[in-house]
Amino acid sequence: MDGAEFHAAVYDTVRLIPPQKVTSYGHIAKLIGMPNRSRHVGQALKFLTAETTPPVPWYRVISSSGTISSRGPGTTGAQNQSNELEAEGVEVTVGRTGEMKVDFSVYGWFPEPGSI
DNA sequence: AATTTGACTGACA
DNA sequence: CTGTCAGCCAAAT
């Protein structure tokens, strides 16, 4: 599997995430069959943002601790991501420091590899 | 060619 | 709760 196939595998897996559900980078990597490529999942996702067909719901992928990665100062990305999630009906908890969290016990999606 | 970076994770203090 | 450390690897510097 080369870089392009890795990208395609990530996109396909992200598209499998059901509405109103979220999962983590590490689990995406696991589903692909490469549990130690969590960082590259993030790299593949940042390369998106452009309109793809069909679209990739990248905003349903967050860190394993249930928090949305801030990626840079300002209200870029992360704020938009929480907006998208709330639009889907996912409850996003925001603390006083701007921390954005999603309750995995309610919205988490972690199927076993091979069950999909 | 060598070093650093990064939308990460898990374990531990 | 916060912070540190090690493991991971393609891409960027």
Side-chain angles (χ1 to χ4, degrees):
Chain A
M1 173 175 304
D2 57 17
E5 291 183 37
F6 180 78
H7 274 132
V10 170
Y11 300 157
D12 285 344
T13 307
V14 171
R15 280 193 266 254
L16 293 178
I17 305 175
Q20 303 176 357
K21 293 288 175 186
V22 294
T23 191
S24 69
Y25 299 94
H27 200 80
I28 293 288
K30 250 186 211 178
L31 293 178
I32 296 174
M34 298 174 155
N36 42 347
R37 302 289 188 280
S38 54
R39 299 177 117 113
H40 302 115
V41 173
Q43 261 204 0
L45 292 187
K46 81 175 177 193
F47 188 71
L48 286 181
T49 339
E51 47 287 338
T52 59
T53 51
V56 179
W58 60 271
Y59 46 82
R60 293 182 191 144
V61 184
I62 61 186
S63 61
S64 65
S65 43
T67 60
I68 297 176
S69 311
S70 52
R71 80 182 136 272
T75 59
T76 56
Q79 181 63 59
N80 180 47
Q81 180 167 2
S82 84
N83 289 339
E84 293 278 8
L85 288 174
E86 286 181 337
E88 294 271 323
V90 176
E91 186 178 354
V92 179
T93 304
V94 181
R96 68 158 83 170
T97 61
E99 58 186 42
M100 303 164 176
K101 287 203 267 190
V102 177
D103 190 349
F104 274 151
S105 67
V106 178
Y107 302 104
W109 182 76
F110 301 98
E112 290 301 316
S115 65
I116 55 174

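Chain naming here is simple, since letters A, B, ... match the order of the sequence lines and numbering starts at 1 in each.
- For the pair H7(A) and S38(A), both in contact range of DNA chain C, the more 5′-proximal nearest nucleotide belongs to S38(A).
- Closest approach of N80(A) and W58(A) over heavy atoms only: ND2-CZ2, 4.2 Å.
- One interatomic measurement links the two molecules: OH of Y25(A) to C1' of dG10(B), which rounds to 17 Å at whole-angstrom precision.
- Atom-to-atom, CD of E5(A) to P of dA10(C) comes out at 14 Å; the value is rounded to the nearest Å.
- Rounded to a whole Å, the CD atom of E99(A) is 13 Å from the C1' atom of dT2(C).
- Proximity of R37(A) to the phosphate of dC9(C): a side-chain N or O atom is located under 4.0 Å from OP1 or OP2.
- For R39(A), whose side chain is taken as the heavy atoms from C-beta onward, the closest listed nucleotide among dC8(C), dA7(B), dT9(B) is dC8(C).
- The phosphate of dC9(C) has OP1 or OP2 within less than 4.0 Å of a side-chain N or O from N36(A).
- Rounded to whole Å, the separation between the P atoms of dA7(B) and dG7(C) comes to 23 Å.
- For the pair M100(A) CE and dA7(B) P, the interatomic distance rounds to 16 Å; values are reported in whole Å.
- K46(A) has its NZ atom 8 Å from the P atom of dG6(B), to the nearest Å.
- Atom CG of L45(A) and atom P of dA11(C) are 15 Å apart (whole Å).
- Among the heavy atoms of the strands, none lies under 4.0 Å from S65(A).
- Distances shorter than 4.0 Å separate some side-chain N or O of S69(A) from OP1 or OP2 on dC8(B).
- Pair assignment for dG3(C): dC12(B), on the basis of Watson-Crick or G-U wobble contacts that are both within less than 3.5 Å.
- With dT9(B), dA7(B), dA11(C) as the candidates, the nucleotide lying closest to the side chain of S63(A) is dT9(B).
- Remark: S64(A) is in phosphate contact with dG10(B), judged by side-chain N or O atoms under 4.0 Å from OP1 or OP2.
- dC8(C) atom C1' lies 12 Å from atom CD of Q43(A), rounded to whole Å.
- V14(A) has its side chain within reach of I28(A): a pair of non-hydrogen atoms, C-beta onward, lies under 4.5 Å apart.
- Taking each heavy atom of V90(A) and K21(A) in turn, the nearest pair found is CG2-N, 4.4 Å.
- Heavy-atom nearest nucleotides on DNA chain B were determined for K30(A) and for H40(A), and the one closer to the 5' end corresponds to H40(A).
- Nearest heavy atoms, Y25(A) versus S69(A): OH-OG, 3.7 Å.
- One interatomic measurement links the two molecules: CD1 of I28(A) to P of dC9(C), which rounds to 19 Å at whole-angstrom precision.
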Margin query: Walk me through whether Q81(A) and V92(A) qualify under side-chain contact (heavy atoms from CB on, under 4.5 Å).
Written below: CA-CA 10 Å; Q81(A) 180 167 2; V92(A) 179; over 6 Å; no
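- With C1' as the reference atom, dA1(B) and dA12(C) are 14 Å apart, rounded to whole Å.
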